Amino acid sequence: MVIWWILGIIVVLLLVILLLRVGVNITFGETLCVVAKVGPVKIPLVPAPEKKKKAESSAEPAKSEKEKQEKPEKKTARPTFREIRPALPVFWEALKKALRKTRRRMRVDPMQLSVTFGGDDPAQLAQIYGWANTAMWTVMPQLERLLRIPNPHIHLEADFESNKTCAEGAVGISFHIGDLISIVLTLAEPVLRWYFAWKRKPVVKQTENTQTA
């Protein structure tokens, strides 16, 4: 009888955890502010609390100097956007499949984004601005069908007199932990398949070069 009570308590706790609504609010622009939400509790992440900052600032210099002397920096290869771009349609289809499973339980509020594109090359700037508008008008209608986005506001413009691209706004997203686990598991398969295929590419090129030589 005790075992059944223990199993029942474990099942109830798992259900509470899976149905717990968590989220994060991000405000960016001149400053960055990130606040996590766990139920009714708000936890500021960026900027960090002052006590932690002071403790970290006093402890970091000594550690960083020792680590630099003992451990040399290792450069790891990272995929470029050109290598990732062919796989984006596959990732997008997997993401849509994962979001359909949530049945619009994920909520994005607020969603306010303003981006001003800048650059040295006017032709390239116009091309990037066109791509951004195409992506926005293609992706946003589908996201609004898959998520709850009460009041989205996205503004894009091109500034041919500026060399910088500036972005500011506020984005907040909330979801159940169970839905997040479902999305991660659905996306894991295509992402890992592409990643391992990408990792094998340099090895294949090296073996081909050695054979030709």
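Values below: every heavy atom of this structure, side chains too, minus hydrogens, waters and symmetry copies. In this text the structure is predicted, and so the values were computed from the model without any measurement.
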Which pair of non-hydrogen atoms, one from [X] and one from [Y], has the smallest distance, and what is that distance?
X	Y	value
Trp194	Ala87	CD1-CB, 3.5 Å
Val34	Val24	CG1-CG2, 3.6 Å
Leu99	Leu147	CD2-CD2, 3.7 Å
Ala36	Leu45	CB-CD1, 3.9 Å
His176	Arg21	NE2-NH2, 3.5 Å
Tyr129	Glu157	CE1-CA, 3.5 Å

Applying the 4.5 Å side-chain criterion to the ILVMFWY set and letting contacts propagate, would [X] and [Y] be lumped into a single cluster?
X	Y	value
Trp198	Phe196	yes
Val16	Trp5	no
Leu20	Val41	yes
Leu19	Ile183	no
Ile149	Val139	yes

How about [X] and [Y]: do any of their side-chain heavy atoms sit closer than 4.5 Å?
X	Y	answer
Pro152	Glu144	yes
Leu95	Thr186	no
Leu146	Arg100	yes

Can you tell me how far [atom2] of [Y] sits from [atom1] of [X], rounded to the nearest 0.5 angstrom?
X	Y	atom1	atom2	value
Leu14	Ile9	CG	CD1	12.0 Å
Met111	His153	CE	NE2	11.5 Å
Met136	His155	CE	NE2	10.0 Å
Trp92	Leu187	CH2	CG	11.0 Å
Asp109	Ile173	CG	CD1	11.5 Å
Trp131	Leu156	CH2	CG	15.0 Å

Taking [atom1] in [X] as the centre, count heavy atoms belonging to other residues, nucleotides or ligands within less than 6.0 Å. Is the count above 12?
X	atom1	value
Leu192	CG	yes
Phe91	CZ	yes
Lys42	NZ	no

Worksheet item: Can you list the steps and then say if Thr165 with Asp159 is a side chain to side chain contact (heavy atoms under 4.5 Å, CB included)?
Response: CA-CA 9 Å; Thr165 296; Asp159 187 356; over 6 Å; no
Only pairs under 3.5 Å count here: list side-chain donor-acceptor contacts from residues 118-125, not counting sequence neighbours, and write none if there are none.
from	atom 1	to	atom 2	distance (Å)
Asp121	OD1	Ala123	N	3.2

Worksheet entry | Side-chain ion pair, Glu93 and Lys97, N-O less than 4.0 Å | no
Discussion item. Closer than 3.5 angstrom, by distance alone: can the side chain of Arg107 be matched with the main-chain N or O of Arg148 as a donor-acceptor pair?
Written reply: no
